[in-house]
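Each remark here refers to the structure printed beneath this line.
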Amino acid sequence: MHILSFSPAFKRIQQLFLILGTVSLFVLIPGCGSANVPLTGHVTFESDGRPLSCGVVCFESGTSFARGEIQGDGSYSLGSKENDDGLPKAEYKVYIIGAVEIASLDENGMPVEKPLINAKFMSADTSGLTCSVDGKNNTFDIVVSGPGK
């Protein structure tokens, strides 16, 4: 039976690689964490400044997506993976979904939704809203118009 034995120099090299590997994990793993930037804002109507009290603000770039539920006071806080965890630095198109109220029920008892904002704000392609997230300004307020305006 032949037993492998390594020279002391080889064992030192092996230990060095083990130490370097462990150290690099401690250096690299924090870099793999969230580099997200916190971003909050308010959504208000241009006509009278009152807050939009429902819906979801969406930020969309070529590689990232973040959303924030609009609260009763019009405020929102963005999250990309979890609520309120921010979003990566990038250029974003901004739009709002779900800003509706139940106007009535149809003949089948299903809710009939009435939009609270102009339809142009409901799509990234038509809203005209953009935001550069660079970590310097962590607020993005949005002013919308009502439906048909």
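Worth saying up front: this structure is predicted, and the values here are computed from it rather than measured. Values below: every heavy atom of this structure, side chains too, minus hydrogens, waters and symmetry copies.
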**Message:** Any salt bridge linking Glu60 with Lys93? Criterion: basic side-chain nitrogen under 4.0 Å from a carboxylate oxygen.
**Reply:**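 Salt bridge absent between Glu60 and Lys93.
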On a heavy-atom basis, which atom in [X] and which in [Y] lie closest, and how many Å separate them?
X      : Y      : value
Phe140 : Cys131 : CD1-SG, 3.6 Å
Val133 : Leu39  : CG2-CD1, 4.0 Å
Asp141 : His42  : OD1-N, 2.8 Å
Pro88  : Ser64  : CG-OG, 3.6 Å
Thr40  : Ser77  : CG2-OG, 3.7 Å

**Item:** Worked verdict on Val94 versus Thr130 for side-chain contact (heavy atoms from CB on, under 4.5 Å)
**Value:** CA-CA 5 Å; Val94 181; Thr130 60; 5.8 Å; no
**Asked** Does the side chain of Asn36 pick up a donor-acceptor pair with the side chain of Ser80 at under 3.5 Å?
**Response**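 Ser80 and Asn36 do have a side-chain donor-acceptor pair below 3.5 Å.
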**Request:** Could you verify whether a donor N or O on one side chain and an acceptor N or O on the other, from Asp134 and Ser132, lie under 3.5 Å apart?
**Result:**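 There is no such pair (donor and acceptor under 3.5 Å, judged by atom type) between the side chains of Asp134 and Ser132.
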**Request:** Tell me, with the steps shown, if Val57 and Arg67 meet side-chain contact (heavy atoms from CB on, under 4.5 Å).
**Result:** CA-CA 5 Å; Val57 176; Arg67 77 274 173 252; over 6 Å; no
**Prompt:** Please walk me through it: do Ile70 and Cys54 pass side-chain contact (heavy atoms from CB on, under 4.5 Å)?
**Reply:** CA-CA 5 Å; Ile70 300 171; Cys54 66; 5.8 Å; no
**Request:** Side-chain contact test, heavy atoms from C-beta onward, threshold under 4.5 Å: evaluate it for Pro115 versus Met122 and give yes or no.
**Result:**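 When only atoms from C-beta onward are counted, Met122 and Pro115 do touch, with a gap below 4.5 Å.
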**Prompt:** Could you give all pairs that pass the ring-ring contact (aromatic ring centres under 6.0 Å, His included) test and reach residues 64-104, with sequence neighbours left out?
**Reply:**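 Matches after skipping sequence neighbours: Phe59-Tyr92.
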**Asked** Is there a donor-acceptor pair closer than 3.5 Å between any side-chain N or O of Asn118 and the backbone N or O of Lys120?
**Response**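 Judged by distance alone, yes, a pair lies under 3.5 Å.
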**Asked** Do Val43 and Val144 pass the side-chain contact (heavy atoms from CB on, under 4.5 Å) test, and can you show the C-alpha distance, the side-chain angles, and the key distance before you say yes or no?
**Response** CA-CA 7 Å; Val43 185; Val144 296; 4.1 Å; yes
